[in-house]
2 protein chains.
Amino acid sequence: MSLRHAVLAALLSGEYSGYELAKAFDVGVANFWYARPQQLYLELSKLENDGLISGREVVQRTRPTKRLFVVTDAGLAELAHFAAAVSKSSFIRDDLLVKVQAVDHVDAAPVIAQLDQRAAAAAAKVEILDKILRRLRGDLDEETYLRHGSPIGPYLTCLRGRRFEQEHHDWSVRAAALLRDRATRNGHPAPTSDQSR
Amino acid sequence: MSLRHAVLAALLSGEYSGYELAKAFDVGVANFWYARPQQLYLELSKLENDGLISGREVVQRTRPTKRLFVVTDAGLAELAHFAAAVSKSSFIRDDLLVKVQAVDHVDAAPVIAQLDQRAAAAAAKVEILDKILRRLRGDLDEETYLRHGSPIGPYLTCLRGRRFEQEHHDWSVRAAALLRDRATRNGHPAPTSDQSR
DNA sequence: CTACACATGTAAACGGTTACATGATTAT
DNA sequence: ATAATCATGTAACCGTTTACATGTGTAG
């Protein structure tokens with residue numbers, strides 16, 4: 001049970017509908033978890049049934065009716081309990097790393113192409129996360145915010161996400177360059193990052 | 001189907017038994033995937049049934065009999081096919097990040113304690129990965145190995161794992177220090193990293 | 001004779017993904 | 001009309017985790 005707590009933690013920042021949460025979890029952000037919309041709707045139902053969140057209908061003139069959720073006292077207690085329990089260690093699980101691991105034995109060209117794509121995607125996420133960080137800290141510089149700003153939790157997870165993406169980007173760029181260089185020296189057609197423009 | 005290819009990629013480095021693979025995937029290393037022993041034994045059976053790997057029994061005087069596996073030509077073809085297919089983007093999924101996200105609303109002390117543990121674990125993994133990297137490159141310095149050394153795939157994934165753990169460590173240390181500092185300034189008992197020695 | 005490392009599995013439960021399904025409103 | 005965005009779900013499948021299960025040989 002882990003998405004459960006991720007949803008609770010996300011709802012601490014304010015009232016959200018399933019649709020709004022889905023955007024935060026699915027697209028771009030997801031600095032501390034990731035989930036598909038379907039999973040979120042399901043989890044929100046369960047959480048409401050268990051009394052950990054409560055939803056209210058908001059009828060809109062201009063848009064379809066939505067349901068906004070907030071964390072209840074029972075939900076906060078559940079989160080506190082979760083935060084105090086032991087957590088299993090995190091690990092990398094990445095298709096692309098599997099491909100790179102095998103790159104000595106398979107055609108490198110498609111792997112290089114995917115590294116290029118990853119680098120671009122990671123760079124885009126870094127920008128998104130930078131925007132979020134700037135919005136969070138407002139006028140304060142980072143050092144000051146980290147010492148005195150509030151909320152600190154979301155800022156810290158966002159920082160972690162930003163560094164992860166930066167790291168991911170740098171590694172992808174370097175790996176792609178190295179593999180390209182090796183392919184060239186071995187007399188291959190030297191696949192360039194064309195992006196089919 | 002992803003563990004499947006991770007196992008194939010791992011077996012490219014040589015002949016391994018389920019037990020040996022399990023140690024590489026479970027303990028320490030796992031620079032490109034992670035799996036439990038039970039899952040590996042199951043996956044090895046499936047891979048052998050599908051003809052992607054082939055196993056041979058090795059009777060040992062001093063130890064119980066084991067089965068060593070190698071990738072077949074069909075297995076290599078499967079890997080090549082996989083390497084050329086699109087991969088879904090990687091993402092962070094970490095219990096501890098969920099806890100940090102919620103740290104403004106729950107007791108920070110147990111979260112800080114877990115950050116300390118994480119930092120220590122990450123530092124230990126960095127050392128293990130450094131050892132593996134040194135062993136891989138032998139006499140060559142890193143730049144030279146990256147340009148000319150072989151195999152390059154495992155070295156690159158190991159580098160990625162190393163940086164991930166380093167990053168994980170640095171962030172954990174910083175987050176723990178900041179949260180501790182805030183707790184102290186708010187007049188709390190100031191939980192120190194005692195480690196119950 | 002007890003604990004530990006080596007060695008290999010099975011079965012049930014759980015969590016997550018994919019595919020399927022529906023419907024309102026706004027902009028083109 | 002049609003596409004795009006908003007909005008919410010269900011059902012089947014698959015991959016992963018947890019718990020259970022067994023047995024050999026070595027070291028203390």
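Throughout, protein chains are lettered first and strands after them, A, B, ... in sequence-line order, and every chain is numbered starting at 1. Bear in mind the structure is a predicted one, so any value in this text is a computation, not a measurement.
Remark: P of dT8(D) and CD of Glu48(A) are 12 Å apart, rounded to the nearest angstrom. As rounded to whole Å, 10 Å separates atom P of dT17(D) from atom CG of Leu40(B). When rounded to the nearest whole Å, the span between CD of Glu43(A) and C1' of dT10(D) equals 15 Å. In this structure, Asp26(B) atom CG and dT16(D) atom P are separated by 14 Å, rounded to whole Å. Atom-to-atom, CG of Leu44(B) to P of dT10(C) comes out at 12 Å; the value is rounded to the nearest Å. Protein atom CD of Glu57(A) is 13 Å distant from nucleotide atom P of dA7(D), rounded to whole Å. Residue Phe69(A) contributes atom CZ, which lies 13 Å from atom P of dA7(D) at whole-angstrom precision. The separation between Tyr41(A) atom OH and dA11(D) atom P is 17 Å, rounded to whole Å.
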Identify all side-chain donor-acceptor contacts of residues 79-90 of chain A below 3.5 Å with residues at least two apart in sequence or on another chain.
residue  : atom : partner   : partner atom : Å
Ser87(A) : OG   : Lys99(B)  : NZ           : 3.4
Ser87(A) : OG   : Gln114(B) : OE1          : 2.8
Ser90(A) : OG   : His168(B) : NE2          : 3.4

Listing, residues 37-47 of chain A side-chain donor-acceptor contacts under 3.5 Å, not counting sequence neighbours, or none:
residue  : atom : partner  : partner atom : Å
Tyr41(A) : OH   : Tyr19(A) : N            : 3.3
Ser45(A) : OG   : Tyr41(A) : O            : 3.0

Name the atoms and distances for all side-chain donor-acceptor pairs under 3.5 Å in residues 126-133 of chain B, with sequence neighbours left out.
residue   : atom : partner   : partner atom : Å
Asp130(B) : OD1  : Arg162(B) : NH1          : 2.8
Asp130(B) : OD2  : Arg162(B) : NH1          : 2.7

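For residues 149-161 of chain A, every residue pair satisfying the side chain to side chain donor-acceptor pair (under 3.5 Å) rule, not counting sequence neighbours, is listed here: Asn31(A)-Thr157(A), Arg137(A)-Tyr155(A), Glu142(A)-Tyr155(A), Thr157(A)-Gln101(B). The list of ring-ring contact (aromatic ring centres under 6.0 Å, His included) pairs with a residue in residues 108-135 of chain B, not counting sequence neighbours, is empty.
Here Glu57(B) does not pair with Lys66(B) in a salt bridge; the nearest charged N to carboxylate O distance is not below 4.0 Å. A salt bridge links Asp94(B) with Arg118(B): at least one charged nitrogen is closer than 4.0 Å to a carboxylate oxygen.
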Pairs: protein N or O with nucleotides 13-15 of chain C N or O, under 3.5 Å:
residue : atom : partner : partner atom : Å
dG15(C) : OP1  : Met1(A) : N            : 2.8

field: Letter per nucleotide, 5' to 3', of nucleotides 20-28 of chain C [B base touched, S only sugar-phosphate touched, - untouched; heavy atoms, 4.0 Å]
entry: ---BBSS--
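Taking the nucleotide of DNA chain C with the nearest heavy atom to each of Glu20(B) and Leu42(B), the more 5' of the two is matched to Glu20(B).
Connectivity analysis of hydrophobic side chains (ILVMFWY, heavy atoms under 4.5 Å, direct or indirect) links Val70(A) to nothing; its cluster partners are none. Applying the 4.5 Å side-chain rule to ILVMFWY residues, one finds that Val173(A) remains a lone member of its cluster. Under a 4.5 Å side-chain heavy-atom criterion applied to ILVMFWY residues, the cluster that includes Phe91(B) comprises Tyr34(A) as well.
Applying the salt bridge (charged side-chain N to carboxylate O under 4.0 Å, His left out) test to Glu143(B) and every residue at least two apart in sequence or in another chain returns Arg174(A).
Between Tyr19(A) and dC6(D), a side-chain N or O to OP1/OP2 separation shorter than 4.0 Å is present.
Using a 4.0 Å heavy-atom criterion, one finds that Ser45(B) contacts no nucleic acid atom at all.
For DNA chain D, no neighbouring residue in residues 75-97 of chain B is found when judged by any heavy atom under 4.0 Å.
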